[in-house]
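Note that ligands are numbered from 1 as they come in the structure, with each ligand's atoms numbered from 1 the same way. One is the number of the first residue; the rest follow in order along the sequence. These numbers come from the heavy atoms of this one structure, side chains and all, not from hydrogens, waters or symmetry mates.
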Amino acid sequence: MNPVRQIAFGYSTKCNIRCGHCVAADASPGTAKMDFDRAKDIIQEMARCHVTGISFTAGEPLLFFDDICKLIQLCRKNGIYSRIVTNGYWAKTREETDRVVSELMSKGLSQLRLSYSRWHQQHVNRENIVRAALSCQKHGLDYFISFVTDFSKKDDSFEQFLRQHRLKFFPEPVIYFGRAGEFDRQRVFTDYPPNVCSMNPYLSPELDMFACCDAANRFSNTHFLYLGNLRSDSIDALFRKGETHVLYHLIRTMGLTNMASYLGFKAREIVQYRSVKNFLTPKRI
Ligand code: SF4
């Protein structure tokens with residue numbers, strides 16, 4: 001049986017805003033972009049390698065609207081589930097929002113993921129997020145809002161705003177890398193399962209592939225999560241490398257909390273989130 005293969009696809013790291021918590025901030029140069037024809041070839045090759053889901057992420061994918069539309073079409077043609085992660089900057093008016101959403105739908109987009117947080121919303125009006133979500137509802141496009149939070153009181157009004165508008169969202173803990181590396185870490189508590197990660201790989205515009213979409217190239221001393229580059233390795237070979245790595249396998253199945261406990265760390269020192277209930281947890285790539 002073929003393994004489930006999904007990937008975060010970094011077409012470009014270019015972004016139109018500068019969030020204070022951005023995990024991508026000190027990764028590859030902010031304007032790196034994949035060659036369009038190469039991106040098309042990669043997606044076709046991914047289809048042959050049984051990739052079933054592609055999430056277009058990294059910077060702001062919709063800055064390259066025409067390219068991304070064509071890549072989404074290619075995903076549809078190859079039976080690949082597609083998602084775009086966007087900050088919603090484009091949803092300034094209802095007309096423009098409807099135009100973008102209906103165009104994405106017509107190209108075959110499976111899901112729109114809207115990023116939302118007290119950091120994003122310093123640059124993008126939160127009404128944009130409401131407009132985009134409502135337009136998705138109107139057009140029948142699946143969506144969810146990724147609410148990036150450190151679970152502090154500062155985020156309560158942001159959470160309340162989403163609830164008032166009855167929007168579908170889930171909390172995504174801040175990752176203390178990139179610009180957020182300087183933040184004070186909050187002690188929070190959770191009823192979430194241990195730190196198990198499905199470890200879907202991330203492909204950068206420079207064609208580097210990493211074993212985990214969120215941590216990407218952060219381990220610059222050990223290169224623990226680096227799988228290789230598509231210029232010298234095939235997509236299938238790099239996927240297989242991630243699938244057969246013993247430690248990655250343990251992260252996927254046992255979880256970081258249990259692994260750390262096994263090594264003598266107390267579980268409560270590893271993860272302490274606040275109890276968060278009633279969040280919807282849609283399928284993630
Ligand atoms: S968090 Fe997302 S929207 Fe914000 S600067 Fe980084 S890539 Fe851009």
Can a non-hydrogen atom of Glu60 be found less than 4.0 Å from any atom of ligand 1?
->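 No heavy atom of Glu60 comes that close to ligand 1.
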Does Ala58 have a heavy atom less than 4.0 Å from any atom of ligand 1?
-> yes
Take Lys168 and Asp142 through the test salt bridge (Lys or Arg N to Asp or Glu O under 4.0 Å) and record every step on the way to the result.
-> CA-CA 10 Å; Lys168 190 165 63 169; Asp142 188 26; 2.9 Å; yes
Closest heavy-atom pair and its distance - Ser135, Asp98 = OG-OD1, 2.7 Å
Centroid separation Phe144 to Phe170 less than 6.0 Å | yes
May I ask you to check whether Cys19 brings an N, O or S atom to under 2.8 Å from atom 4 (Fe) of ligand 1?
->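 Checking atom 4 (Fe) of ligand 1 against Cys19, an N, O or S atom does fall under 2.8 Å.
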Near His120 (heavy-atom distance under 4.0 Å), the atoms of ligand 1 are 1 (S), 2 (Fe), 3 (S), 4 (Fe)
Numbering the atoms of ligand 1 from 1, which are under 4.0 Å from a heavy atom of Asn87?
->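 Once the distances to Asn87 are compared, the set is 3 (S).
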Residues Ser234 and Asp236: side-chain donor-acceptor under 3.5 angstrom | no
Cut-off 3.5 Å, side chains only: do Asn128 and Asn87 have a donor facing an acceptor?
-> no
Applying a 4.0 Å heavy-atom criterion (strictly less than), which segment of Asn16 is in contact with ligand 1: side chain, backbone, both, or neither?
-> neither
With heavy atoms under 4.0 Å as the rule, classify the contact between Ser115 and ligand 1 as side chain, backbone, both or neither.
->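 Near ligand 1, Ser115 shows nothing, with every heavy atom at 4.0 Å or more.
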Examine all N, O or S atoms of Cys15, backbone included, and report whether one is under 2.8 Å from atom 6 (Fe) of ligand 1.
->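 Checking Cys15: none of its N, O or S atoms is under 2.8 Å.
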Output, in order, the C-alpha distance, side-chain angles, deciding distance and verdict of ring pair (Phe, Tyr, Trp, His ring centres under 6.0 Å) for Tyr11 and Phe56.
-> CA-CA 7 Å; Tyr11 184 59; Phe56 293 92; 7.7 Å; no
